[in-house]
Amino acid sequence: MKLKVVISIFVFFLVLFHVNAQDFNDYANLKIKTQVSTEFSLIEESLSSSINYVYANLSFIPEENEFQTVTFNVISEPKAQETISENNVYLRWNNPQEDKLKFSINVEESTKTNFKHITTKVKFPIEENLDEFEEYLEATETVTSNDPKIIAKANELAQGEDDLFVLVHKIGLWTKQNINYSLETLTAEVSQDASWVLENRIGVCDELTSLFVAMLRSLNTPVRFVTGQAYTNILNDFGNHAWAEVYFPGYGWIPFDPTYGQLGYVDATHIKMKSSVDIKSTDLNYGWRSDNVDVKSSGLLVKSNVMMNGTLYKEDVEVKLTLLKNDVGPGSYVPVKVDVKNLNNYYLPVSMFISKAPVKVEDYLHEVLLKPDKEKSVFFIAKVPKDVDPGFIYSSAIAVKDNFNDEVEGVLRFDYNGNKYSLDEAQEIINQFKKEEEKVYSRNVELNCNLDKQYYYDYDTGKINCGIINKGNVNLNNLNVCYNEQCKIISLNIVEKENLEFNFNPNDKEFLITASNNDVNKVGLISPTIIKTPNLTINILDYPSNVNYFDNVILKLNLNVNSEINDVEVKLNNKKIFSLEKFSNAQDFDVSINGYNLKDINILNVSYEDKNGKIYETEKEFNVNVNKPI
């Protein structure tokens, strides 16, 4: 008799999700059915063979926890002896006569978003005694936390940071943004270690997680692996997945999924099967006692399906979208500012992504961590199509959505004659706003600026009236307040307000007002409505070259204007033929004309006004041979 034991380790990979219509990742709670199954083939190697028993020990099953309740039953064929314990199922077939042994674990889970609320700052480095978590601090085969390169990168990211949540979020975000998710590393047996992932900058979910875990363990922070399943809308299916849990003193184990960018929580599609020190922990081991019989496993097959979805997951946030440029020309780059405020008393990881735009946005996703009751700005750059037709004003929605199903929207206007803005110009505007966030006292300065008119034609001028208040507890000296080249240096005592005026021209390069010194960089934005000076063109599309004096003929013409006009009057040879109260864009007209109203040389005249009451006039000549009666 020979005794054999085989250990099986699952390979974890998942095709990442992308921006899509509503999917299961957006729901706060789900009901899911999962089946874990395998089949054993008993292979006789000689005519004189026998088998005493076969056993299987499965630890890869959905676990019961505060975010996941489970009920399950075990089906075996032929019927096996079962021993069921917490997160483990043991089966044994004694003296099996069949050449196939099968079992399946059928589980129904009620899951909800795994998000423990961290309401207070947890100090980093951790000062509590961590003896009971020693195994989650050590280097392992894949968690090479003793590698000098990993230690150096972790220390670089941790430099000057004393808030554990901020640090862990930062390391998770660095991992997501710098390690390319690639199935090229996937093999049947081997998960690459953290050192290899850092060196090659590619990996699948377990390898990204290994690097994340290694960097944190190198900083004496307890981290463990979690393996299970999660949903991806690329495949519209569940797949095997790995993520991590980080120990926060006073709060327990907090989930972080650097692959999904869910840093401090995981969505309800994450089915937790087990936690472990290393990704290479055993999921299924089986063995047997026999004479001349071999046993082969088909491998674990795990299949999950959503049976019912609950409500969409929501968080209490306030989101505001501002287009930092508008009324632009074709091919322009438009900076977009999104202010997001956490209205909760706990840390909130937020993902913001462009959900609508006229042209695909490459850098469409940004993640930020908001401390309790705090606000941050996120910036995107949208692009306007290059090919637009003259004579039309286009509008397109720019929308941004967060991971809590909040969506805000603005309207971007562009036309053929609009000013063009380059990528560098858009980035420079964003840089001004980023400087505001870097100088924290800027939050104590209020800068409000208003224009003296509701709209301006490009030939107009106007005034900008700004009020600036020091709401902090520090006097502000030598504050340089500028609108383009116009600058005024002021000082503001505590709670003091100053009113300033600047000249405005619609052709100014930027519409930003800045107030800056060593402590402050405050940015104010004006959003003028600028109307192009109207320019109407007359196109005569068709007319008869010869007409009889008493004939009634059709004159086909087209009017095209670049901005809306009023009180349009169309005359032929100084005689009014029709009028329009308002007109915009382009339109064809068929005008009935009597032959006796035409001449050999005809003048078509159009007069009109802009919104300011300024009068314009344009003319077009055409020749007709009029046959007069004898």
Side-chain angles (χ1 to χ4, degrees), residues 16-23 26 233-234 261 319-340 350-368 377-434 455-456 458 506-512 525-532 534-535 560-564 584-587:
L16 299 182
F17 64 84
H18 68 320
V19 178
N20 200 355
Q22 207 75 64
D23 59 68
D26 293 331
N233 66 11
I234 291 288
V319 186
K320 177 185 175 184
L321 182 147
T322 305
L323 300 176
L324 301 179
K325 281 290 180 187
N326 214 332
D327 299 300
V328 299
S332 287
Y333 292 86
V334 178
V336 181
K337 180 173 181 272
V338 181
D339 299 307
V340 54
V350 180
S351 299
M352 309 292 300
F353 61 89
I354 294 281
S355 55
K356 298 176 187 175
V359 175
K360 181 181 177 182
V361 178
E362 294 297 329
D363 191 16
Y364 73 92
L365 173 66
H366 292 293
E367 288 108 339
V368 294
S377 297
V378 177
F379 299 91
F380 300 91
I381 295 179
K383 191 177 180 183
V384 170
K386 291 181 179 179
D387 299 324
V388 299
D389 295 325
F392 295 91
I393 298 174
Y394 295 82
S395 63
S396 171
I398 298 286
V400 172
K401 191 174 181 180
D402 65 24
N403 49 325
F404 309 122
N405 299 292
D406 301 293
E407 189 171 45
V408 290
E409 191 170 297
V411 177
L412 173 62
R413 298 178 299 275
F414 51 96
D415 65 271
Y416 184 81
N417 296 306
N419 293 327
K420 296 181 181 179
Y421 294 92
S422 68
L423 179 60
D424 288 342
E425 288 173 318
Q427 190 60 58
E428 179 55 33
I429 293 172
I430 289 173
N431 291 341
Q432 287 290 336
F433 282 93
K434 286 185 174 180
Y455 60 85
Y456 299 85
D458 51 16
N507 298 305
D508 289 333
K509 182 179 180 182
E510 301 293 352
F511 298 139
L512 299 177
L525 175 71
I526 55 172
S527 301
T529 299
I530 299 173
I531 306 172
K532 295 288 183 181
N535 179 29
N560 188 313
V561 70
N562 62 339
S563 61
E564 186 176 288
S584 60
N585 297 328
Q587 188 174 337

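Cation-pi contact between Lys325 and Phe414: absent, since separation from the ring centre below 6.0 Å together with deviation from the ring axis within 45° is not met.
In this structure, Phe404 and Val319 have side chains that are not in contact, with every pair of non-hydrogen atoms separated by 4.5 Å or more. Between Asn562 and Asp415 the shortest side-chain heavy-atom distance does not fall below 4.5 Å. At least one side-chain heavy atom of Asp389 sits less than 4.5 Å from a side-chain heavy atom of Tyr394. The shortest side-chain heavy-atom distance between Phe433 and Leu512 falls under the 4.5 Å cut-off. Counting heavy atoms from C-beta outward, Asn326 and Val334 have side chains that stay 4.5 Å or more apart.
Of the candidates Asp402, Val338, Val378, Val368 forms a side chain to side chain contact (heavy atoms under 4.5 Å, CB included) with just one, namely Val378. The residue from Lys434, His366, Met352 that alone fulfils the side chain to side chain contact (heavy atoms under 4.5 Å, CB included) condition with Phe379 is Lys434.
Between the Ser351 side chain and the Asn403 main chain, no donor and acceptor come within less than 3.5 Å of each other. In this structure a side-chain-to-backbone donor-acceptor pair under 3.5 Å is missing from Asn417 to Pro390. The backbone N or O of Ala586 sits nowhere less than 3.5 Å from a side-chain atom of Asn560 that would complete a donor-acceptor pair.
Residue Tyr456 comes nearest to Pro528 through the heavy atom pair CD1-CB, 4.4 Å, listed as atom of the first residue, atom of the second, then distance. Of all non-hydrogen atoms in Pro330 and Val384, the two that sit nearest each other are CA-CG1, 4.1 Å. Between Pro335 and Ile430, the shortest heavy-atom distance links the atoms CB-CG1, 3.8 Å. Here the closest heavy-atom approach between residue Val400 and residue Ser355 is recorded as N-OG, 3.9 Å. Nearest heavy atoms, Val359 versus Pro385: CG2-N, 3.7 Å. Scanning all heavy atoms of the two residues, the minimum distance from Asp363 to Phe380 falls at O-CD2, 3.6 Å.
Here Lys532 contributes atom NZ and Asp458 contributes atom CG; the two are 6.0 Å apart, rounded to the nearest 0.5 Å. In this structure, Ser396 OG and Glu409 CD are separated by 9.0 Å, a value rounded to the nearest 0.5 Å. Summarising the geometry, atom OH belonging to Tyr421 is positioned 7.5 Å from atom CD1 belonging to Ile429; distances are rounded to the nearest 0.5 Å. To the nearest 0.5 Å, atoms CD1 (Ile398) and CG (Leu412) are separated by 5.0 Å. Of the inter-residue distances, the one linking Ile531 atom CD1 with Asp327 atom CG reads 9.0 Å to the nearest 0.5 angstrom. To the nearest 0.5 Å, atom CG of residue Leu321 and atom CD of residue Glu407 are 10.0 Å apart.
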